[in-house]
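All residue numbers in this chain count up from 1 along the given sequence.
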Amino acid sequence: QINLVESGGSSVQAGGSLRLSCVFSGRTFTDYDLGWFREAPGKEREFVSAITWSGENTYYGESVQGRFTISRDNTKDTVYLQMNNLKAEDTAVYYCAAFTRSGSYWNPEHYGYWGQGTRVTVSS
């Protein structure tokens, strides 16, 4: 059983930055690619970013490309999401997830384990 615990969500002004963290436990961290998704009120869960087990390859949703950076520290079993130049439309609950089924990274159905989420609120 994999456990994922996100932290770092907060309320910030537009243009500000936040770094989210997600601590992984229960299995071997480097056996898993990981992703971040977000869910805004009244909207479907949206792919934000993903990173392969080694950290060599990263992927981003169009709306965050160039502003967000995903990374992982395989010595700390932690994945991060650095969010810069935040906009009001980035307001959402952010979830990290472990990729467990082959296929596209942007499909939430390919992730078998999810954290409880951390809330990000951006005010304009």
Side-chain angles (χ1 to χ4, degrees):
Q1 181 70 21
I2 291 172
N3 192 39
L4 299 162
V5 180
E6 303 97 333
S7 63
S10 183
S11 296
V12 296
Q13 295 278 340
S17 297
L18 281 176
R19 188 176 81 155
L20 306 183
S21 301
C22 174
V23 177
F24 174 108
S25 63
R27 296 277 176 86
T28 302
F29 186 57
T30 50
D31 283 348
Y32 293 88
D33 300 345
L34 296 165
W36 285 95
F37 285 77
R38 66 187 183 186
E39 194 169 313
K43 296 188 177 181
E44 292 187 353
R45 192 161 292 193
E46 177 189 8
F47 171 75
V48 175
S49 185
I51 188 167
T52 54
W53 70 271
S54 65
E56 183 174 358
N57 295 303
T58 58
Y59 307 87
Y60 296 93
E62 283 188 14
S63 61
V64 306
Q65 182 78 43
R67 299 188 298 122
F68 291 11
T69 303
I70 191 171
S71 62
R72 63 191 293 163
D73 185 337
N74 288 346
T75 67
K76 297 182 178 179
D77 291 0
T78 302
V79 61
Y80 303 98
L81 185 68
Q82 177 66 43
M83 306 186 296
N84 297 330
N85 190 22
L86 283 160
K87 304 176 181 180
E89 51 264 41
D90 295 319
T91 295
V93 177
Y94 285 72
Y95 300 89
C96 71
F99 187 76
T100 57
R101 197 174 300 171
S102 60
S104 61
Y105 286 114
W106 51 89
N107 187 342
E109 294 183 1
H110 295 156
Y111 295 77
Y113 298 93
W114 294 81
Q116 83 291 344
T118 187
R119 185 174 301 276
V120 173
T121 303
V122 184
S123 56
S124 56

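Between Ala50 and Tyr111, the shortest heavy-atom contact is CB-OH, 3.8 Å. The minimum heavy-atom distance linking Thr69 with Tyr60 is given by the pair CA-OH, 3.3 Å. Of all heavy-atom pairs between Gly61 and Phe47, the closest is N-CE2, 3.6 Å. In plain terms, the two heavy atoms of Asp33 and Trp53 that are nearest each other are OD1-N, 2.7 Å.
Annotation: side chain of Gln1 is in contact with side chain of Tyr113 (closest heavy-atom distance under 4.5 Å). For the pair Arg38/Ser63, a side-chain contact is recorded, criterion being any heavy-atom separation below 4.5 Å from C-beta on. Contact check for Val64 versus Met83: no side-chain heavy atoms found under the 4.5 Å cut-off. The closest side-chain heavy-atom distance from Tyr94 to Cys22 is not below 4.5 Å. Side-chain contact between Leu86 and Phe68 is present, with heavy atoms from C-beta onward closer than 4.5 Å.
Residues Ile2 and Val79 share a single hydrophobic cluster, defined by chaining ILVMFWY side chains whose heavy atoms lie under 4.5 Å apart. Linking ILVMFWY residues whenever their side-chain heavy atoms come closer than 4.5 Å, directly or via other members, places Leu34 and Leu20 in the same cluster. Residues Tyr80 and Phe29 fall into different hydrophobic clusters, defined by Ile, Leu, Val, Met, Phe, Trp and Tyr side chains chained together at heavy-atom separations under 4.5 Å. By the criterion of side-chain heavy atoms lying less than 4.5 angstrom apart, applied directly or through intervening Ile, Leu, Val, Met, Phe, Trp or Tyr residues, Leu18 is grouped together with Ile70 in one hydrophobic cluster.
Geometrically, Arg27 does not engage Tyr32 in a cation-pi contact, judged by NZ or CZ lying under 6.0 Å from the ring centre and within 45° of the ring axis. Cation-pi geometry between Arg72 and Phe24 is not satisfied (NZ or CZ under 6.0 Å from the ring centre, within 45° of the ring normal).
Side-chain atoms of Glu6 come within 3.5 Å of backbone N or O of Gly117 as a donor-acceptor pair. Looking at Asp90, its side chain never comes within 3.5 Å of a backbone N or O of Ala14 through a donor-acceptor pair. Side-chain atoms of Thr91 come within 3.5 Å of backbone N or O of Val122 as a donor-acceptor pair. A donor-acceptor pair is defined here as one N or O able to donate and one able to accept, closer than 3.5 Å; such a pair exists between the side chain of Arg67 and the backbone of Asn85.
Atom CZ of Arg19 and atom OG of Ser10 lie 14.5 Å apart (nearest 0.5 Å).
Checking Asn3, Leu4, Asp77 one by one against Ser25, the side chain to side chain contact (heavy atoms under 4.5 Å, CB included) holds for a single residue, Asn3.
Two rings, from Trp106 and Tyr59, have their centers 6.0 Å or more apart. Proximity of the aromatic rings of Tyr105 and Phe99 is defined here by a centroid distance below 6.0 angstrom, and this criterion is met.
For Ser54, the side chain to side chain contact (heavy atoms under 4.5 Å, CB included) partners two or more places apart in sequence, or in a different chain, are Thr52, Glu56.
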